[in-house]
Protein chains: 2
Amino acid sequence: MKSAHPIESKDETVRQPPRERIVATASELFYRHGIRAVGVEAIAEAAGTNKMTLYRHFASKDELVAEYLRRLAAEAAVFWDGLEKAHPDDPRAQLRAWLKSVEDHVSDPGQRGCALANAAVELPDKDHPARCVIEQFKIAQRDRLIGLCRATGIAEPDLLADELFLLLEGARVCAQSLGPQGPASRLSRMGDALIASHLATV
Amino acid sequence: MKSAHPIESKDETVRQPPRERIVATASELFYRHGIRAVGVEAIAEAAGTNKMTLYRHFASKDELVAEYLRRLAAEAAVFWDGLEKAHPDDPRAQLRAWLKSVEDHVSDPGQRGCALANAAVELPDKDHPARCVIEQFKIAQRDRLIGLCRATGIAEPDLLADELFLLLEGARVCAQSLGPQGPASRLSRMGDALIASHLATV
DNA sequence: CTGGTATGTTACTGACCGGTAACATATATG
DNA sequence: CATATATGTTACCGGTCAGTAACATACCAG
């Protein structure tokens, strides 16, 4: 039988190449147990491979951590773009959809806050390769928020954006200590009130 | 010369007993570098003592971590009591003073967020001796806020309290990724606006 | 078939970790 | 002085960590 194009896949459980399995496994372990709590050997084994293959794809554990965060940032960007397509020319609907999404996310008992923010806590070294990924992600997040608030016609878009930013950031970190039933559970309502309050003062 | 009471101290640089030095040193190192990043040997050496003495006072590193957090929670309680004495029968002034205090705290470039919240990120294990300290601290913090909001005469004190809680929690974690000049710098103004907004809807 | 490339396997290094044993020293109190 | 208690010192244990060397195997392209 002639070899077909490798694109064909019998089922959904195609075995990904080792690099993908390593990143996917590392993502789950890093997020659930913390970055410093997970060793490279455990990652390689859980990914169905070994340490040597891991180090053939990543120069160091720190680089794997950076890649882990880079993927999350990319996924977040995709999510934002999806919001924009779902509510075209309706920035306020985008804002509310985002609030609702974070509220749902926070209510998941398996969630442990923003992986990027957690990484910032675990890696205080300013020259860690992950630091710039974290900072750029948060800047992008804030800029996205500011843009939406401005498009909504708020008088002080930066102020509302920062309020929402802190609210969301606080909700995700708070869910780790007070649980999903804590203050974070009413996030959507709080955000709506904030937006309405700013719209009233136009 | 007869031995005087040991209470007399020639100057401010009295050498504290080893246990105090260990806790103080551990507090600084844990906060600055993260709990998992600091070894017991480094703590003992920086405290001017040794590992054996450390383990004569603390059953394990985890217990030292718990004590570190317990002290911070106690300090926070003292601070709250001070606010109450500084502004007796004026809950709104207490709220504003607290907001201002956190804003100042966040603007300190050496700050790295709430030590309790950071510990929750670093220690996800539910049976870690530090977890209950963290949870009780956050519950107390929230209850204190709710009490102040209720005393202020807010229609929905729980809602405002949770909004302020998330705002403050978000400000401290956000300062770690976006720096002291980020959204957290306008915390006081945001909180005042929130309070005013709730007072208007009485 | 052949040769290059990606991967698997095993064993290893050197460093650090939390925690302990055994013994020496100081200090304060009787 | 004598005794008890707190502290210092050194060395060690078993385990884990990040990272590497050397070699074996698979696989895919020519």
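Letters A, B, ... are given to chains in the order of the sequence lines, protein chains preceding strands, and every chain is numbered from 1.
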Asks: With a 4.0 Å heavy-atom cut-off, tell me which residues in residues 31-44 of chain B come close to DNA chain C, sorted by residue number.
Replies: B/V38, B/G39, B/V40
Asks: Taking only N/O atoms, report every protein-nucleotides 6-10 of chain C pair under 3.5 Å with atom names and distance.
Replies:
unit_1, atom_1, unit_2, atom_2, d
C/dT7, OP2, A/H57, NE2, 2.9
C/dG8, OP2, A/T49, OG1, 2.5
C/dG8, OP2, A/T53, OG1, 2.9
C/dG8, N7, A/R56, NH1, 3.3
C/dG8, O6, A/R56, NH2, 2.6

Asks: Can you measure A/D62 atom CG to D/dC17 atom C1' for me and round it to whole angstrom units?
Replies: 13 Å
Asks: List for me each residue that meets side chain to side chain contact (heavy atoms under 4.5 Å, CB included) alongside B/K126, sequence neighbours excluded, and say none if there are none.
Replies: B/R131, B/E135
Asks: Side chains of A/D104 and A/S101: is there a donor and an acceptor less than 3.5 Å apart?
Replies: no
Asks: Can you name the salt bridge (charged side-chain N to carboxylate O under 4.0 Å, His left out) partners of B/K61, sequence neighbours left out?
Replies: none
Asks: In this structure, how many angstroms lie between the C1' atom of C/dT20 and the CZ atom of B/F58, rounded?
Replies: 18 Å
Asks: Measure the distance from CG on B/L54 to P on D/dA6 and round it to the nearest whole Å.
Replies: 16 Å
Asks: Using the salt bridge (charged side-chain N to carboxylate O under 4.0 Å, His left out) criterion, which residues pair with B/R36? Sequence neighbours excluded.
Replies: none
Asks: Applying salt bridge (charged side-chain N to carboxylate O under 4.0 Å, His left out), can you list everything that pairs with A/R142, at least two apart in sequence or on another chain?
Replies: A/D162
Asks: Identify, with sequence neighbours excluded, every residue that meets salt bridge (charged side-chain N to carboxylate O under 4.0 Å, His left out) alongside A/R150.
Replies: A/D158
Asks: Taking ring pair (Phe, Tyr, Trp, His ring centres under 6.0 Å) as the definition, give me every residue that meets it alongside A/F30, ordered by chain and number, with sequence neighbours left out.
Replies: A/Y68
Asks: List, one per line, each side-chain donor-acceptor pair under 3.5 Å for residues 73-92 of chain B, sequence neighbours excluded.
Replies:
unit_1, atom_1, unit_2, atom_2, d
B/D81, OD1, B/R144, NH1, 3.3
B/D90, OD1, B/A93, N, 3.2

